[in-house]
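Every chain is numbered from 1 and lettered A, B, ... according to where its sequence line falls, protein lines coming before strand lines. All values below were derived from every heavy atom in this structure, side-chain atoms included, with hydrogens, water molecules and symmetry-related copies excluded.
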Amino acid sequence: MPEHVGHGLDEDRIDLAYRVLDDQLVDVDGRRCGKVDDLELTGGPGGPLEVTAILVGPGVRAARIAGRPGRWWQRRVGPPRWGANARRVPWEQVEDITSRVALRGQAEDLGLAAGDLELSPLVARIPGS
Amino acid sequence: MKALLQIALGIIAAIGGFLDIGDLVFNIQAGAIFGYDLLWAVLVGVLGIGVYAEMSGRVAAVTKRPVFDVIRERLGFTAGLVTLVASQVVNLLTVTAEIGGVAIVLQLLFDAPFSLFALLGALGLIVVIWVLPFGGIERVFGYVGLLLFVFVAAALHHGPDWSAVGGGLVPEAKSSSLYWYFVIGVIAAALMPYEVYFYSSGAVEERWGPKDLRVNRLNVVVGYGVGAVLSMALMIVAAQLYEPTGVDPSSLGTVALAAQIPFGEIGLLVALLGMLAAIGGAAIDASLAGAYNLAQFLGWEWGKYRRARDAPRFTITWVCFLLAAFALAMTGVDPVDVTEYSVVFSVVALPLTYLPVLLIARDRTFMGEHANGRIATTLGWIYLVLIVGLAVTAIPLLLATNAGGG
């Protein structure tokens with residue numbers, strides 16, 4: 001499987017927009033737990049920029065919709081509130097980047113897949129679930 | 001030997017799973033109005049769905065990415081969101097049409113009101129998806145769907161006018177807008193987008209890898225090839241039975257009648273059971289497609305291979321699709337009308353669905369040695385241009401022809 005071919009990802013160079021942004025996040029158990037909705041870059045103009053975190057959640061996504069629908073959606077979701085409608089996953093948590101972004105920790109501990117965790121007990125009440 | 005059997009079973013399921021209410025409605029009507037003239041449109045549509053199903057299955061096998069994963073990744077969030085909204089509207093209309101179709105077929109089999117059968121149909125399908133594993137769903141509906149071959153038998157029984165069949169396979173331009181409405185309808189009915197969402201997600205459900213690429217190709221060639229034969233048989237039967245008498249087959253009853261005329265009660269029963277499986281199977285495929293799309297766009301856990309409690313948002317989404325479709329079907333809309341609208345509107349969602357699939361299938365960064373060859377890429381671009389053309393003309397034609405009503 002061509003996991004590491006071409007210019008998207010070599011040893012010392014990652015094309016962030018091409019290989020990381022909008023990709024699937026999976027936790028250490030292989031559970032899908034959100035998308036790379038945005039990236040946090042640290043640094044300033046003229047200096048080096050460093051990726052410091054992956055940003056996930058509706059509060060982060062809303063900022064990416066342009067124009068009037070975007071403003072409407074942003075009013076509904078509100079500004080990003082960390083730990084509530086937005087989550088910050090430190091870049092050190094990234095284990096590997098293939099066709100998905102694999103994380104070192106569990107979704108629960110990273111605050112990801114909260115919706116699935118919340119609804120799971122409800123669905124678990126139905127026989128055969 | 002077991003592996004061979006598995007492949008054979010998968011292909012049989014693909015054959016039976018090709019047709020849905022859109023194919024039944026558009027092909028029969030096209031045959032009744034235009035005789036053999038639109039057979040070429042079936043070929044154009046089936047080749048197109050074949051090209052893109054093969055590509056999306058190959059992408060899923062190699063990169064483990066189903067279509068909506070690829071859409072968000074290649075189009076970005078905003079354009080991806082537009083595609084999501086368009087495709088979900090079409091998926092919901094499709095499920096509504098199929099639920100309505102299930103209820104109508106049940107009404108033709110048993111005597112009870114439409115609303116009761118729509119409810120039983122929706123609840124029955126929820127139970128089936130809940131209880132059966134992914135492969136089981138595909139097979140049960142695929143096998144019973146093979147009963148639709150009764151229409152091939154009917155077409156042969158009446159002796160098709162083979163020279164007219166040959167003539168119909170050659171594309172022809174006419175100046176009637178009704179003609180072009182049916183050209184688009186027949187092509188679009190074959191190209192319904194839920195099929196690639198479902199097919200590519202199914203490849204991930206069944207844990208395909210690069211070694212399954214042969215199965216992918218066989219599935220597509222045999223499954224859609226035979227699907228084309230079934231679609232053409234419907235059109236030919238309508239050309240034989242309905243075109244000379246000027247019958248307008250605007251109901252599913254007239255579709256089934258095409259098997260009853262040559263083969264009597266048995267023919268009718270076989271046709272109705274085949275239609276029930278084909279339409280019910282499509283309702284399942286399209287409602288699961290709706291859940292796959294949403295989950296893949298937002299990164300939720302998904303898949304029938306997960307326990308329901310481990311993919312709760314995915315599970316709730318497909319249940320909601322079937323319930324919402326039931327509610328829509330109960331508003332009294334004619335399922336055949338909903339079918340026509342869903343098929344024609346689906347053309348608008350297609351370009352944004354297929355572009356990212358084509359971009360990633362030809363990208364060696366992701367696909368390595370399994371990237372598109374020259375033929376797949378050329379056909380992919382040709383169909384993309386064609387689909388954009390269809391998308392631009394579909395809605396004006398829908399309005400101009402009063403949805404094929406003349």
Shortest non-hydrogen separation from Lys35(A) to Phe297(B) and the atoms involved: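 Scanning both residues completely, I find the closest heavy atoms to be CG-O, 3.8 Å.
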
Non-hydrogen atoms of Asp37(A) and Arg72(B) that approach each other most closely: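 Smallest interatomic distance, heavy atoms only, reads OD1-NH2, 2.6 Å.
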
Report which part of [X] has an atom under 4.5 Å of a heavy atom belonging to chain B: side chain, backbone, both, or neither.
X	answer
Val56(A)	neither
Arg125(A)	neither
Ile65(A)	both

Leu298(B) versus chain A, the contacting section by heavy-atom distance below 4.5 Å: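 Both backbone and side chain.
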
Gap between atom [atom2] of [Y] and atom [atom1] of [X] - 0.5 Å precision:
X	Y	atom1	atom2	result
Arg307(B)	Ser120(A)	CZ	OG	8.0 Å
Asp310(B)	Arg31(A)	CG	CZ	6.0 Å
Asp22(A)	Arg74(B)	CG	CZ	9.5 Å
Arg309(B)	Ser129(A)	CZ	OG	4.0 Å

Test side chain to side chain contact (heavy atoms under 4.5 Å, CB included) applied to Arg313(B) and Leu119(A), step by step: CA-CA 7 Å; Arg313(B) 286 183 288 193; Leu119(A) 290 167; 3.6 Å; yes

Cation-aromatic face contact Arg32(A)/Trp300(B), 6.0 Å, 45 degrees: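 No; the conditions do not both hold, so Arg32(A) does not lie above the ring face of Trp300(B).
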
N/O donor-acceptor pair under 3.5 Å between Gln24(A) side chain and Gly299(B) backbone: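 Such a contact is found between Gln24(A) side chain and Gly299(B) backbone.
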
Neighbour count >12 (heavy atoms, 6.0 Å) for atom CD, Glu118(A):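 Result for CD/Glu118(A): open.
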
Heavy-atom neighbours of Leu49(A) CG exceed 12 at 6.0 Å: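 More than 12 heavy atoms, drawn from other residues, nucleotides or ligands, come within 6.0 Å of this atom.
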
Intermediate values then yes/no, side chain to side chain contact (heavy atoms under 4.5 Å, CB included), Arg100(A) and Thr63(B): CA-CA 9 Å; Arg100(A) 40 181 47 187; Thr63(B) 69; over 6 Å; no

Short N-O contact, Arg306(B) and Asp116(A), less than 4.0 angstrom: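 No.
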
Test log, rule side chain to side chain contact (heavy atoms under 4.5 Å, CB included), inputs Trp130(B) and Ile126(A): CA-CA 10 Å; Trp130(B) 187 270; Ile126(A) 309 167; 3.6 Å; yes

Side chain to side chain contact (heavy atoms under 4.5 Å, CB included) between Tyr18(A) and Thr365(B), intermediate numbers included: CA-CA 10 Å; Tyr18(A) 191 44; Thr365(B) 313; 3.3 Å; yes

